[in-house]
Number of protein chains: 2
Amino acid sequence: MGRAEYKQYDRFLVAVDCIIFGFDGTGLKALLIKRGFEPEIGKWSLMGGFARLEESIDEAAQRILLTLTGLEEIYMEQLHCFGEVARDPGGQVISVAYFALIKIDESDKEKLDSHQAKWFDLKKMPSLVFDHKDMVRLAKERLQQKVANHPIGFELLPNKFTMQQLQALYEAVYETSFDKRNFTRKILSLGVLQKLPEKEKTSSKKGAFYYVFDKKKYKKLESRGLSFL
Amino acid sequence: MGRAEYKQYDRFLVAVDCIIFGFDGTGLKALLIKRGFEPEIGKWSLMGGFARLEESIDEAAQRILLTLTGLEEIYMEQLHCFGEVARDPGGQVISVAYFALIKIDESDKEKLDSHQAKWFDLKKMPSLVFDHKDMVRLAKERLQQKVANHPIGFELLPNKFTMQQLQALYEAVYETSFDKRNFTRKILSLGVLQKLPEKEKTSSKKGAFYYVFDKKKYKKLESRGLSFL
DNA sequence: CTTAATAAGTGTCAATATAACATTTATATT
DNA sequence: AATATAAATGTTATATTGACACTTATTAAG
């Protein structure tokens with residue numbers, strides 16, 4: 001069969017929805033918008049949009065993230081394709097969900113405002129349209145799995161961060177607490193952090209040393225498979 | 001916007017492709033078919049088909065697996081949505097890939113024949129249509145990740161299996177070899193296998209005890225998170 | 001300048017998990 | 001009775017994990 005033969009098959013609208021994670025120092029956050037059109041106008045929703053024939057689905061996801069946040073070259077990963085029949089009452093729509101990790105203060109405030117976007121703590125999420133709650137739950141699980149073996153937590157932190165910020169992030173992701181000494185030992189033993197001579201002085205009198213993630217060192221060790229927990 | 005508003009957006013053909021894994025005692029295998037229609041007719045391909053508006057994508061995947069193998073209630077998991085623009089020269093088609101684990105001898109031989117289906121060792125795969133090679137590669141990676149923490153390897157073995165069969169399976173999945181004593185100790189320590197009084201006698205004079213996977217025991221321990229490696 | 005307050009930084013020990021390694025056992029065949 | 005075959009099993013050294021508390025650097029207050 002050629003192009004002609006495919007004509008007989010059904011065609012779907014393909015939406016892309018983005019679970020955008022951020023970290024504010026205390027809790028893991030997701031960026032939600034107030035849905036601006038029917039159905040379910042006015043309810044909280046993930047940022048999404050429809051894919052276009054002339055772009056790949058990955059490109060659609062990037063476009064949608066850019067539209068909301070003004071950000072490009074962001075860590076983003078496909079999560080899952082949601083394809084229940086009546087998941088969107090507005091039409092026969094399948095949705096490919098992506099999750100992104102951004103630094104919360106780097107997004108474009110005006111763009112966020114124009115979409116009535118707001119950060120919500122994952123533990124205090126409002127009710128969401130359609131199956132977006134399932135998407136967020138799955139994204140959180142995937143994030144937990146991924147963070148355990150890949151150095152993506154750093155995407156949520158400033159380039160320079162203290163050991164306590166890093167620990168707070170991991171504690172937020174796993175909703176648990178770690179022993180400070182064991183955590184520091186474990187993370188430093190991986191050999192992918194570089195300690196800066198500089199200190200963060202606002203949160204204590206003594207000051208805490210900054211660290212940066214060293215991508216080159218990581219690339220060398222990556223094949224051996226590091227465990228970040 | 002209501003149903004009318006969605007009209008303005010592009011619609012896609014949605015294919016579903018299945019990476020069907022099997023294990024024959026030595027190597028990890030994938031089930032391929034000879035593609036029976038254009039484009040790329042006559043080339044090796046994953047089993048696939050187009051999703052229909054009246055079914056979910058998961059249901060489409062099950063339907064396609066059933067069509068080829070005659071099997072239902074099979075372990076199957078969504079892998080990834082492949083959405084490059086020109087991935088299928090026959091039309092604008094996105095594909096949602098699934099991977100399934102089946103017992104190689106339980107599939108319907110006639111159905112397999114009617115699709116000119118054949119099992120290929122993952123290490124000796126022929127060239128495949130479109131992006132199916134990427135799909136297989138990703139499926140293999142996902143299988144490796146998944147098998148490490150979930151008891152899905154048993155889906156590829158007979159209900160009763162010997163410790164050596166199980167070890168051979170893990171060795172095939174990870175393309176490595178394990179020490180027999182350490183492997184046995186590790187697996188048994190999980191406490192999810194039940195040893196039968198019965199022995200498999202064809203491959204040795206002494207005979208090897210059969211084991212079965214005990215789903216009930218696993219369910220009790222699942223929340224603690226078992227490591228199968 | 002001394003003291004107090006605050007968060008940062010650090011080490012040990014016990015328990016557990018892993019990795020490396022060879023011999024004995026059960027059975028069928030000759 | 002001897003032999004051949006694959007199955008079954010245990011020990012030790014090393015590495016990793018988890019539990020646990022005191023010292024240090026600095027600023028602010030008196």
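In what follows, every chain begins at residue 1, and chains take the letters A, B, ... in the order their sequences are listed.
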- Nearest-neighbour nucleotide for the Lys205(A) side chain, dA8(C), dT27(D), dT5(D) considered: dT27(D)
- Query: What's the NZ-P distance between Lys186(A) and dA15(D), to the nearest Å?
  - Reply: 16 Å
- Task: Return the angle between end axes of the helix from dC1(C)-dG30(D) to dT30(C)-dA1(D), with five pairs used per end and rounding to 10°.
- Result: 10°
- Asp108(A)/Lys111(A) ion pair, N-O < 4.0 Å: yes
- Heavy atoms under 4.0 Å, any strand shown: does Ser203(A) hit a base, just sugar-phosphate, or nothing? sugar-phosphate
- Just how far, in rounded Å, is C1' of dA19(D) from CZ of Phe178(A)? 15 Å
- Query: Under the 3.5 angstrom rule, does the side chain of Lys34(B) hit a backbone N or O of Gln116(B) as a donor-acceptor pair?
  - Reply: no
- Query: Separation of Gln167(A) atom CD from dA7(C) atom P, in whole Å?
  - Reply: 15 Å
- Query: Going by heavy atoms in the side chains, are Phe209(A) and Lys160(A) under 4.5 Å from each other?
  - Reply: no
- Quick one: Lys199(B) NZ to dT5(D) C1', roughly how many Å, whole number? 13 Å
- Task: Output yes when a side-chain donor or acceptor of Lys109(A) lies under 3.5 Å from a complementary backbone atom of Ser107(A), and no otherwise.
- Result: yes
- Rounded to the nearest Å, what distance is computed from the CG atom of residue Leu166(B) to the P atom of nucleotide dA8(D)? 13 Å
- Item | Evaluation steps, ring-ring contact (aromatic ring centres under 6.0 Å, His included), between Tyr170(B) and Phe183(B) | CA-CA 10 Å; Tyr170(B) 275 78; Phe183(B) 180 84; 5.7 Å; yes
- After noting the C-alpha distance and the side-chain angles of Gln145(B) and Glu141(B), does the key distance pass the side chain to side chain donor-acceptor pair (under 3.5 Å) rule? CA-CA 6 Å; Gln145(B) 290 167 21; Glu141(B) 288 171 18; 5.3 Å; no
- Note on the structure: Between CD of Gln164(A) and C1' of dA8(C) the distance, given in whole Å, is 6 Å
Check: protein-nucleotides 10-16 of chain C nitrogen or oxygen pairs below 3.5 Å:
none

- Message: Could you tell me how far apart Phe183(A) (CZ) and dA19(D) (P) are, to the nearest whole angstrom?
- Response: 16 Å
- Item | Short side-chain to backbone donor-acceptor contact, Gln167(A) and Gln164(A), under 3.5 Å | no
- Please state whether the rings of Phe228(B) and Phe154(B) are parallel, tilted or perpendicular, taking 30° and 60° as the class boundaries. perpendicular
- Task: With Lys118(B) as the cation and Phe120(B) as the aromatic partner, state whether NZ or CZ is under 6.0 Å from the six-membered ring centre and within 45° of the axis.
- Result: yes
- Phe228(B) atom CZ is separated from dT18(C) atom P, nearest whole Å, by 13 Å
- Item | Side-chain donor/acceptor of Lys206(B) to base of dA26(C), under 3.5 Å | no
